[in-house]
Each structure stands twice: as structure tokens, then as C-alpha cells.
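Let me begin by presenting the structure, written as C-alpha cells, before commenting on it.
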Amino acid sequence: MTRPQTPLLDTVSSPADLKRFSDAELRQLADELRSETIAAVSETGGHLGAGLGVIELTVALHHIFDAPRDKIIWDVSHQCYPHKILTGRRDRIRTIRQEGGLSGFTKRSESPYDPFGAAHSSTSISAALGFAAARDLGGASDTGHGDAIAVIGDGAMSAGMAFEAMNHAGHLKKRLIVILNDNEMSIAPPVGALSSYLSRLYAGEPFQEFKAAAKGAVSLLPEPFQMGAKRAKEVLKGMAVGGTLFEQLGFSYVGPIDGHDMDQLLPVLRTVKARASGPILIHMITKKGKGYAPAESRRDGGHATAKFDVTTGEQKKSPSNAPSYTKVFAEALLKHAAEDDRICGVTAAMPDGTGLDLLEKRYPSRCFDVGIAEQHAVTFSAGLAAGGMRPFCAIYSTFLQRGFDQVVHDVAIQRLPVRFAIDRAGLVGADGATHAGSFDVAYLSNLPGFTVMAAADEAELVHMVATAAAHDSGPIAFRYPRGEGEGVTMPERGEVLEIGKGRMIREGSRVAILSFGTRLGEVMKACEGLGARGITPTVADARFSKPLDTDLIDQLAADHEALITIEEGAIGGFGSHVAQHLAEQGVFDEGFRFRSMVLPDIFIDQASPADMYAVAGLNAAQIEAKVLDVLGVGNIAGKRA
């Protein structure tokens, strides 16, 4: 494809190169950076809208501040592609989110310009305050210590952790710069009173008046340089429009300003850099997907995209042969909600990603998007359950980690029947380790009274939704991966499964494979290869890691020389519970052979899901090799694996 013309950007190899540009040249550079970002993401896919919303800010920050001495911390950091282009990584930007390529998020090991890695929201202010405190305490940093600048979106600001950090920052009174990037949209349109408050701040005339004044800000703002710090504070406060909430937390408040207008951004940032003494919040208004019409017009502002045609914005997605697990869950839940008005849905700012947008459209009063606040989502669900409802709390595995204390304290201990729909289970591909659903089986199966299920295919998922809907005796969770199902025949309606009972898939001899989750398809492929060698393993689908089907496990152990468990989760999960049971039964005393195939004890970098599972050793060829090894045919297996 034709690359955009970028004469100024072509001269930039590091942020230091931006120092020589005039304000007019910076405006041109921003236009070129926007074109380059769009062109790059069109070839790779990835997060688009968030980066386009901060183009001008990225240019202004790197022109005025001195990274990497000054620490620029991007909250969530899915908006960091323009930052990566300006910080010496332009030559690799078309490898983003691919195996061996740049991360789609900031990553400390990737560049000194990424002082803090992130892919979950609402961590930036805490981290920036930590850098500020380390600076003032004389901490050692390879790149030195300067200002700490957190760039956080209005969606991320809805999380409690952001306010915990601001409360502490206001108490410590250290110099700290927080830029609130307010685009009225995180991934879903933002929810909550805070969002309404921010909207009110710039709904009326004051913003327009400030904008008009700031157009002439070059003459207006340098005045504090001569007038001293006290006058600067008065000028800045005088510009503020209703910054009361942030001022109560101990922050000076500036804004709101137009985050796409360099005539406002540059003078304000220069003044703040010259004069800020304690914590200061700059409130800027931006548009997600700014400058690219197809992204601007999308409901999510072009949050995440496949490869696309730059001219039309049309995404180049490969045709799907099977429904996605997320859609199967959503449609199954909708059927139950139609028959049971106690069923409701709870999501933490991911209605589209979790499929709850379908429930939201059909039964809006029974669907709750609580914003980026997983801890609240879990305890709110617990309250719903205690109040007689049947809540389905739909949260990605990696994000549910953020609410673990609430899962233990508010749900499990009280045995409340919250239904956890855990999407993105296992390895997820391009988002890498931060988004992998590696730990939920282990961290939930350890909790007394919890029921934990994993769907082997999309038909099983339908049954598990039905099982969860009918389960009122305690908390229950079911997990399923990102992406398409196996293409199996779908049931008309889900059956309620017997709690703690697995199913036999095929009878064989010598070795049994007990699968938990969607590796079952790979197990069956491995069995085809083994069949050619005259080896016919027994295969069973556990369905439950808590409670275990101990009768099935005992039968497999009694009838076979060896047992192999396989799961898409970290050590300490399903296989560990099976091993514990077998040990207690004294099975190993007789020389019984047992192997557990789990995710390895590493964080696996981004690649295609198939390649990530190859790294994990959980694909068909590796399962086949494991069977041969446990049966003592290891030499041949070693060559194949």
C-alpha cells in the first residue's frame, strides 16, 4: 500500500528531535503522525481510536518534557502507538501485537521511554506518584528522575484505584502532573456520575469562553513567568471551570482545554512545567478516533480493529465458520433471561466484549455496566444475589483478577449464588500476557463452596449457562475462550448438568486423558496420530474442576496404566486438584503414572493463539508426545515434538 508523505516525521528518531520544531511545525508533525498511525494499524490491526485521540498531546508532551528523564505514563497504554513512533520504534511499528514484535501496550523491557508497563486501566496515577516519591527520596533510575506525568482517560478515572491515588497525592503534595484525557468514551460509552460531572464541566459557555481566551494564550499565559508563583496559581484557578472535585482532593485544576488544539495545549503545558509545585490536573477534551472518519463514527471510536482499508475503513476479517463463544454465551443467557426475570447481567465497562450488549438492548433495567470497576462489579453482584436476584457477572479472566478479594470475602465466604461468566480464558493472542486468562481455575478452585466449570466446546457452554442459571446453592463460574467455537451441533436449549460430573468421550486402553476446557479438540487430534501407532487412549471431559468427579477419576486410574490431565491454566489448578485426590487415595503408592499438562511457569509473549499454545506445549503434537513418553515410547516422541 502507499505510505503517507511524512517529511517532518522522517527527521524524528527520538523525542529530542522535537525540541527544534516551531509550534507551526509541531502542528504539521501531528498531522503526519496521525497519518502514519492510521497507515500502520491498517496493516497490522490493533488499537486505533485511543491513539488518534492523543496525537496532539503526544507531540506536545515529547516537545515540552524531557523523556525518558521525565516519566510519561500512559494509563492502559493502548493509546501509545504514536508515542512508540516518536520514541525510536517507528521502524518496528508494523510488527505491533505480532510474534516477536512490539507490544500493543507500554512495556518496560521494550524501551526506556516506557517507564511503566500497563494493559489494565487506572494504574497510572499510583505509578506516577510512586516515581515522584522515588525521585524525592533519591531513588536510582537508569534514565534519571524528572517530572512524573500520568495520562488517564475519563473511563479509567471511574475506577476506585485512580481516586485512591489522587487522595494520596493530595496528601503528599508532591509535584505530580495528571492529564485527564476526557473523550466521554473508554471502550463503551462511559457510565456513572463522574462522567456526567465531567460532561457538565464543558457543556456550557465557560468552555467556549476559555477556548476563545486560550486562542490568544501565547500573549496571555507567559504573564505568570514575571508575576511569580502566587499570581500563576490565581491565573490557573481563574481559568478553571468547576474543578471543585479535584481541588477537594488536593489538586490544582486547569481546564477543560481542547486536546486537539496546539494553541491551547502548548501554552498550558509550558506554564504547568514552569510553575507547578504540588499535584496538578489538566482536564483536556478529545475525540476518540480523531481525524479518521470511519473510527470517529463507530460506537467505540475505533477502539480495536482488524486490518482495514484506509480509504473505506472496512475491516479485513476472515470469514467465520463457527459462532464465537462470547456470542453463544450472550444468546444462551438471553433465552434464560426471557423465562426468568431474576436473571440480570453485570459488566465492568465491557458490554460489547462480554456480549452483554444483547441483554442490555432487550432488558435494559436488568443489565448493569458499572464502569471500569471490577471490585465493585463483584460486590454489587453479591448484593444482587443476597437480594434475591440471579446475577451473571461477566468479566474477562484477566480483569476478574482485580476483584479477587471481593470474590473471596463478599461472595465465597457468604456462599452467595453469583454466576461468573469468565470470557477470554486461556491464551488470547495479540494482547499477550497482560490479557491471558491463565489463573482463574487455580484462584477459584481453591475457594470452599465454589463450583468451577470449563466448556470444551460451544454446545457445552450452552449447557453451562443453563447449569449456572439453575444453581442457587453457592457461587458458580464457567470459563470459555476468545474466538470461534469448534463448529459442533448446537442444542436447542441447554441442559442442567449434574454438579461435579464429567463425561466419557471415548473408551480406550492403557492411558487415559482427562481434559478440562477447550483443549479437548487438540486431544482428539492427538488421538488420531496415536491411532496410527496402535495406541488408543481413553478420553474424558472433566467439565468441573470444583467439585471434582472423583468417581470418574478413580475409574480412569483403576482401568489404566497412566493418566494425563490437560488444561488451559497455570499450575495449581485442575491437574493439581486431581493429583491431590489421587495421592490421598494412595494410587501413587502402586506405581501409577500421572502427568499434568498446564501452562508453563512463564508469561507468554504475544503471538497467534496456536503459536502461544505451542510455546505452552499444549497442542496436538505435544499431547501426542506426552502420551508416548508416559508409555515409554519417548525417543520417537522427542523427534516429533
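A donor-acceptor pair is defined here as one N or O able to donate and one able to accept, closer than 3.5 Å; such a pair exists between the side chain of Ser35 and the backbone of Asp31. With hydrogens and angles ignored, the 3.5 Å screen pairs a side-chain donor or acceptor of Arg69 with a backbone N or O of His145. Under the 3.5 Å distance criterion, the side-chain polar atoms of Arg175 are left unmatched by any main-chain donor or acceptor of Asp147. Under the 3.5 Å distance criterion, the side-chain polar atoms of Ser124 are left unmatched by any main-chain donor or acceptor of Ile152. In this structure a side-chain-to-backbone donor-acceptor pair under 3.5 Å is present from Thr95 to Leu102. The backbone N or O of Leu9 sits less than 3.5 Å from a side-chain atom of Glu32, completing a donor-acceptor pair. At least one donor-acceptor pair closer than 3.5 Å links the side chain of Asp261 to the backbone N or O of Asp263. Between the Thr106 side chain and the Phe116 main chain, a donor and an acceptor come within less than 3.5 Å of each other. Panel note: side chain Gln264, backbone Ile257; no donor-acceptor pair is recorded below 3.5 Å. Listed for the Asp75 side chain is no donor-acceptor partner under 3.5 Å among the backbone atoms of Ala150.
By the neighbour-count criterion of 12 heavy atoms within 6.0 Å, atom CG of Asp601 is sparsely surrounded, having that number or fewer from other residues, nucleotides or ligands. When the shell of 6.0 Å around CG of Leu447 is examined, it contains more than 12 heavy atoms from other residues, nucleotides or ligands.
By the 4.0 Å N-to-carboxylate-O rule, Arg89 lies close enough to Asp114 to be salt-bridged with it. Electrostatic pairing of Asp70 and Arg135 does not count as a salt bridge here, judged by no charged N lying under 4.0 Å from a carboxylate O. Of the charged side-chain nitrogens involved, none lies within less than 4.0 Å of a carboxylate oxygen, so that Lys290 and Glu56 do not count as a salt-bridged pair. Between Asp431 and Arg97 there is a salt bridge, since at least one side-chain N of the basic residue sits less than 4.0 Å from a carboxylate O of the acidic one. Ion pair Lys273/Asp66 flagged as a salt bridge, since at least one NZ, NE, NH1 or NH2 atom sits closer than 4.0 Å to an Asp/Glu carboxylate oxygen.
Classified by interplanar angle (parallel below 30°, tilted 30° to 60°, perpendicular above 60°), the ring pair His83/His62 is parallel. The aromatic rings of Phe105 and His435 lie parallel to each other, with less than 30° between the two planes, well short of the 60° mark.
In this model, no donor atom of one side chain and acceptor atom of the other lie less than 3.5 Å apart for Arg402 and Ser122. A donor-acceptor contact closer than 3.5 angstrom is absent between the side chains of Ser252 and Arg275.
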For this session: Give the C-alpha distance, both sets of side-chain angles, the deciding distance and a yes or no for side chain to side chain contact (heavy atoms under 4.5 Å, CB included) between Thr398 and Thr434.
Result: CA-CA 7 Å; Thr398 179; Thr434 56; 5.7 Å; no

For this session: Go through the steps for Thr6 and Arg90 under the test side chain to side chain contact (heavy atoms under 4.5 Å, CB included), then give the verdict.
Result: CA-CA 12 Å; Thr6 53; Arg90 184 185 182 189; 2.9 Å; yes

For this session: Determine, step by step, whether Asp10 and Arg3 satisfy the salt bridge (Lys or Arg N to Asp or Glu O under 4.0 Å) criterion, reporting the C-alpha distance in whole Å, the side-chain angles of both residues, the deciding distance to 0.1 Å, and the verdict.
Result: CA-CA 12 Å; Asp10 293 345; Arg3 297 276 171 92; over 6 Å; no

Exercise. Would Phe65 and Ile177 satisfy side chain to side chain contact (heavy atoms under 4.5 Å, CB included), going step by step from the backbone distance to the final call?
Worked result: CA-CA 12 Å; Phe65 291 92; Ile177 299 165; 3.8 Å; yes

For this session: Evaluate side chain to side chain contact (heavy atoms under 4.5 Å, CB included) for Lys84 paired with Ser103, printing each intermediate quantity in order.
Result: CA-CA 10 Å; Lys84 293 196 177 196; Ser103 168; 4.0 Å; yes

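Between Pro15 and Thr87 there is a side-chain heavy-atom pair separated by less than 4.5 Å. Contact of the Asn181 side chain with the Gln79 side chain is not registered, since no non-hydrogen atoms from C-beta on lie closer than 4.5 Å. Pro609 is not listed as a side-chain neighbour of Arg482, based on a closest heavy-atom distance of 4.5 Å or more. Taking 4.5 Å as the limit, some side-chain heavy atom of Val54 sits within range of a side-chain heavy atom of Trp74.
Pro82 and Gly51 make their closest contact through CG-O, 3.6 Å (heavy atoms, listed as atom of the first residue, atom of the second, distance). Taking both residues in full, the closest heavy atoms of Thr11 and Pro7 are given as CG2-O, 3.5 Å, listed atom of the first, atom of the second, then distance. The minimum heavy-atom distance linking Tyr253 with His283 is given by the pair OH-ND1, 2.6 Å. Nearest heavy atoms, Asn446 versus His577: OD1-NE2, 3.5 Å. Residues Ala148 and Ala132 share a closest heavy-atom pair of CB-N, 4.3 Å. Annotation for Ala436 and Leu427: closest pair CB-CD2, 4.1 Å, computed over non-hydrogen atoms.
Note that CG of Asp423 is 11.0 Å distant from CD1 of Ile395, once rounded to the nearest 0.5 Å. A distance of 8.0 Å separates OG in Ser158 from CZ in Phe163, rounded to the nearest 0.5 Å.
Each of Arg424, Arg479, Gln401 was evaluated against Asp440; a single residue qualifies, Arg479, per the side-chain hydrogen bond (donor to acceptor under 3.5 Å, both in side chains) test.
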